[in-house]
Visitor: 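My questions will all concern the structure given below.
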Amino acid sequence: MTEFKRALADKLTGLGLSFSDTLLNTCAVYFEKVAEANNHLNLTRITDEAQAAEQHFADAMALCRAFELPKGCRVIDIGTGAGFPGVPLKLLRPDLDMTLLDASGKKTDFIQAALEQMGVSANVVCGRAEELARGALRESFDAAVSRAVAPLPMLLELSVPLLKTGGTLAAWKGETYETELSDAAKALETLGCRLADRFLVGRGAILLILKQKPTPGAYPRRFSKIKSAPL
Ligand code: SAH
């Protein structure tokens, strides 16, 4: 894990984020668990240490340069997979009230066990975002984070209903983020949102989307609809 820690330290320094040795060690421990479980769970295709340090950890933590998450605020990672970007954010900012959501029980079981072993407290939830948004968690989060889950118009419908009015979605997008943004014009309007800012990371960007109005009762629709007729 020497290579992992060196690469992470370099990237965080490049981002202008301050960090401790303990943080580097904790991230290395979590990545070791991911790499171990990957042999039987198919959690990630990134196995190279330097690449994982950058793409799984530093790119996630870059949010803290792009956006001020208030102390103790409620954050949900939608489609967290093996815990990205939510786990690195929680490790960097232990004060966050972090919920890690994924539809796959195998993935949430892995995260639950790994975090418990490390003594990190987070709410790990197995479920679907569009179903959660029809229950008690509707409009209850200050921020939502998400990477590699769905094209922006679909992602907006999955995530915005979970945000409070005034809350922000941070969406990690690849090179084609400009196209995704123009495709999402109608979804942004229907869901009462606007692009507040963008922060370049790697070849893509973290899009910061502000929710300005309560979500109309008709949304989110069922997943089959979200997918077959995206906003
Ligand atoms: N965010 C992670 C994982 C991306 S893979 C990363 O960047 O590495 C996409 C994940 O989203 C999968 O684990 C899948 O189970 C989950 N997912 C897809 N649709 C979802 C939904 N509607 N609600 C919750 N999780 C969902």
Side-chain angles (χ1 to χ4, degrees), residues 4 27 30-31 33-35 37-38 40-49 51-63 75-91 98-115 122-138 140-141 143-163 169-177 180 187 191 201-207 215 219-231:
F4 174 92
C27 290
Y30 188 72
F31 181 61
K33 291 182 185 298
V34 171
N38 207 28
H40 54 101
L41 282 183
N42 192 21
L43 291 173
T44 176
R45 38 175 193 84
I46 303 175
T47 50
D48 176 73
E49 289 187 20
Q51 205 186 350
E54 176 175 3
Q55 296 180 16
H56 279 332
F57 289 83
D59 283 2
M61 293 173 180
L63 178 63
V75 184
I76 183 164
D77 182 359
I78 294 175
T80 189
F84 304 107
V87 169
L89 283 170
K90 175 69 187 175
L91 297 179
M98 177 66 73
T99 296
L100 301 156
L101 171 72
D102 203 280
S104 155
K106 278 193 300 190
K107 293 179 182 174
T108 52
D109 285 352
F110 160 76
I111 299 173
Q112 180 87 52
L115 294 185
N123 317 305
V124 183
V125 179
C126 177
R128 300 199 55 92
E130 68 279 14
E131 287 168 13
L132 245 60
R134 293 251 157 235
L137 292 179
R138 186 178 179 87
S140 71
F141 292 93
V145 297
S146 191
R147 183 183 75 168
V149 171
L152 193 55
M154 283 176 66
L155 179 64
L156 286 166
E157 189 167 350
L158 293 173
S159 56
V160 170
L162 287 162
L163 287 172
L169 164 68
W172 278 249
K173 289 292 177 186
E175 294 172 80
T176 57
Y177 68 90
E180 281 199 55
L191 297 168
V201 283
R203 283 194 235 119
I206 306 176
L207 304 178
T215 303
Y219 303 102
R221 297 163 297 163
R222 302 164 72 93
F223 188 73
S224 55
K225 264 276 177 236
I226 296 176
K227 192 160 185 223
S228 65
L231 286 172

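Start at 1 and go down the list; that is how both ligands and their atoms are numbered. Along the sequence shown, residues are numbered consecutively beginning with 1.
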Visitor: Just verifying a value: how many Å separate Leu155 CG and Trp172 CH2, rounded to the nearest 0.5 Å?
Guide: 11.0 Å

Visitor: So, taking the atom named OG1 in Thr99 and the one named CD1 in Ile76, what distance separates them when rounded to the nearest 0.5 Å?
Guide: 5.5 Å

Visitor: Counting only heavy atoms not in Arg222, do more than 12 sit closer than 6.0 Å to its CZ atom?
Guide: no

Visitor: Rounded to the nearest 0.5 Å, how far does CG of Leu156 lie from OH of Tyr219?
Guide: 12.5 Å

Visitor: Write out each pair where an N or O from ligand 1 and one from the protein are under 3.5 Å apart, with the distance.
Guide:
{"residue": "ligand 1", "atom": "1 (N)", "partner": "Gly79", "partner atom": "O", "Å": "2.8"}
{"residue": "ligand 1", "atom": "1 (N)", "partner": "Phe84", "partner atom": "O", "Å": "2.7"}
{"residue": "ligand 1", "atom": "1 (N)", "partner": "Arg147", "partner atom": "O", "Å": "2.9"}
{"residue": "ligand 1", "atom": "7 (O)", "partner": "Arg147", "partner atom": "O", "Å": "3.4"}
{"residue": "ligand 1", "atom": "7 (O)", "partner": "Arg147", "partner atom": "NE", "Å": "2.6"}
{"residue": "ligand 1", "atom": "7 (O)", "partner": "Arg147", "partner atom": "NH2", "Å": "3.2"}
{"residue": "ligand 1", "atom": "8 (O)", "partner": "Arg147", "partner atom": "NH2", "Å": "3.2"}
{"residue": "ligand 1", "atom": "13 (O)", "partner": "Asp102", "partner atom": "OD1", "Å": "3.1"}
{"residue": "ligand 1", "atom": "13 (O)", "partner": "Asp102", "partner atom": "OD2", "Å": "2.8"}
{"residue": "ligand 1", "atom": "13 (O)", "partner": "Lys107", "partner atom": "NZ", "Å": "2.9"}
{"residue": "ligand 1", "atom": "15 (O)", "partner": "Asp102", "partner atom": "OD1", "Å": "2.6"}
{"residue": "ligand 1", "atom": "22 (N)", "partner": "Arg128", "partner atom": "NH2", "Å": "3.1"}
{"residue": "ligand 1", "atom": "22 (N)", "partner": "Glu130", "partner atom": "OE1", "Å": "2.9"}
{"residue": "ligand 1", "atom": "23 (N)", "partner": "Ala129", "partner atom": "N", "Å": "3.0"}
{"residue": "ligand 1", "atom": "25 (N)", "partner": "Ala103", "partner atom": "N", "Å": "3.2"}

Visitor: What distance do Ile78 atom CD1 and Leu163 atom CG have between them, rounded to the nearest 0.5 Å?
Guide: 7.0 Å

Visitor: Starting at OH of Tyr30, measure out to NE2 of His56 and round the result to the nearest 0.5 Å.
Guide: 9.5 Å

